[in-house]
There are 2 protein chains.
Amino acid sequence: MLSKKTQYAFKALMYLAQQKEEGPVLIAEISKKKKIPLKFLENILLELKKAGILDSKKGKGGGYFFAKDPAKVYLAEVLRLIDGPIALLPCVSLHFYEKCKNCDEKHCGLNRVMCEVRDANLAILEKKTVEDIR
Amino acid sequence: MLSKKTQYAFKALMYLAQQKEEGPVLIAEISKKKKIPLKFLENILLELKKAGILDSKKGKGGGYFFAKDPAKVYLAEVLRLIDGPIALLPCVSLHFYEKCKNCDEKHCGLNRVMCEVRDANLAILEKKTVEDIR
DNA sequence: CATATTGAGTCTTTTTCGAGAGCATGAAAC
DNA sequence: GTTTCATGCTCTCGAAAAAGACTCAATATG
C-alpha cells in the first residue's frame with residue numbers, strides 16, 4: 001500500500017491536471033475537493049514544486065499549476081519522489097538498492113519473484129503519466 | 001515497499017522451507033541466519049502460527065515448522081496477513097476495500113491505472129507459493 | 001504605500017512502526 | 001518432580017509518519 005502522502009500526491013496531481021486550463025489552483029481548493037488535510041497537502045505540493053513538477057504563485061490569483069507538461073510526468077517518477085522504492089524489497093530496487101545481508105541474490109527465490117513483481121509494476125508505472133489519470 | 005515485518009516474514013518462511021526436512025527450527029536460529037531482530041521475529045512467527053501457516057513446539061527439540069504444506073501457502077496470503085492490502089490504494093483493494101471520498105470510481109483515471117497494477121501483482125503473488133521461493 | 005490574499009516555514013501533537021526487556025507457560029530430560 | 005530449554009505474553013521505549021497551530025513572506029490591487 002502507498003503511504004497516505006503518496007496517495008494524496010496522486011490525487012492532487014489528478015485534480016490539477018483536470019483544472020489545468022483554469023489557471024492556478026488554490027491549495028485550499030484541492031484540500032477541500034479531494035479531502036486532503038490542508039497543511040499536509042502544502043508539504044506535498046511543495047515537494048512536487050521542488051522536484052520541478054509543479055510551480056506556484058503567491059498572492060491574489062495565485063495557487064499551484066504544472067511546471068512540466070503532465071503528459072511527461074510519469075507515475076513512477078512521482079511514486080519514487082514521494083514514497084521511495086517501487087520494489088517490494090530493498091534488494092530488488094533499481095533506484096534505492098540495498099544489498100541483502102546474508103542472502104546470495106543470484107540464488108534467492110524470494111529475490112527472483114520480487115523482481116518479477118517489480119518489472120510488472122514498472123511496465124505500467126513507467127508508461128502511464130499524470131495526463132493518463134486526468 | 002513492504003513493511004519490515006512483512007519482509008522478515010517472507011525471509012523466515014523461505015528459511016523454514018529450506019530447513020523443513022530437519023524438524024523444528026529455533027527462533028534464535030532463524031534470527032541469526034536471516035539477521036532478524038529476535039523479539040520482532042517472535043511476534044511474526046506467532047502471527048503466522050495463529051493464521052494456521054506455521055506451528056510450534058516448546059521445550060528441548062522444539063521450534064517452528066510448517067502446519068500447512070508450503071506449496072499451498074501463497075505469497076499473496078502471507079502479504080495480506082502481515083502487511084494488509086496488496087493494492088496501492090484502498091479504493092482498489094479486493095480484501096481491504098474502502099470507498100474513496102469524493103471520487104467516482106467509475107470515472108477515476110487513477111483508480112483505473114491502480115487496478116491494472118493490482119491485477120499485475122496478483123497474477124504473480126496468487127500463483128507463487130512459499131515452496132517457489134525455497 | 002496599505003491591505004487583502006495566498007503560499008512558505010517552524011514548532012507541536014498524535015499515532016503507528018520497529019525493536020527490546022522481562023516474566024510466564026509448556027514440554028522434554030534426568 | 002525439578003531443572004532446563006524454548007515459545008508466549010505484556011509492557012515500554014524511540015523513531016518516523018500523519019496531522020494541526022501559528023507565524024513569516026511574497027504579490028496583486030486599489
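Order of the sequence lines sets the chain letters (A, B, ...), proteins ahead of strands, with each chain counted from 1.
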In this structure, how many angstroms lie between the [atom2] atom of [N] and the [atom1] atom of [X], rounded?
X	N	atom1	atom2	answer
B:Glu29	D:dC5	CD	P	17 Å
A:Ile27	C:dG9	CD1	C1'	12 Å
B:Ile82	C:dT16	CD1	P	18 Å
B:Ile36	C:dC17	CD1	P	19 Å
A:Ile30	C:dG7	CD1	C1'	12 Å
A:Lys35	D:dG20	NZ	C1'	18 Å
A:Lys5	C:dT15	NZ	C1'	17 Å
B:Gln7	C:dC17	CD	P	14 Å

Task: B:Tyr8 side chain near C:dC17 phosphate (N/O to OP1/OP2, under 4.0 Å) - done: no

Open item on the list: So, does B:Ser56 get its side chain near the phosphate of D:dG8, meaning an N or O under 4.0 Å from OP1 or OP2?
Closed with: yes

Are the charged groups of [X] and [Y] less than 4.0 angstrom apart, N to O?
X	Y	result
B:Glu47	B:Lys5	yes
A:Lys32	A:Glu29	no
A:Lys49	A:Glu42	no

Open item on the list: Using a 4.0 Å heavy-atom cut-off, does A:Leu38 contact any base of the nucleic acid, only the sugar-phosphate backbone, or nothing at all?
Closed with: nothing

Task: Smallest separation among heavy atoms of B:Gln7 and B:Leu2, with atom names - done: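 Closest heavy-atom pair between B:Gln7 and B:Leu2: NE2-O, 3.1 Å.
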
Task: Exercise: identify the closest heavy-atom pair between B:Ala17 and B:Arg134 - done: O-NE, 3.3 Å

Taking the side chain as everything from C-beta on, heavy atoms only, tell me whether [X] gets closer than 4.5 Å to [Y].
X	Y	result
A:Lys68	A:Asp55	no
B:Lys72	B:Glu131	no
A:Asp69	A:Val73	no
B:Ile133	B:Lys128	no

TODO: Could you check which residues of residues 39-55 of chain B get a heavy atom under 4.0 Å from DNA chain C? Sort them by number, please.
DONE: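 The answer is B:Lys39, B:Phe40.
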
- [ ] Encode nucleotides 24-30 of chain C as B, S and - characters from 5' to 3', where the letter depends on protein heavy atoms closer than 4.0 Å: B to the base, S only to sugar-phosphate, - to neither.
- [x] -BBBS--

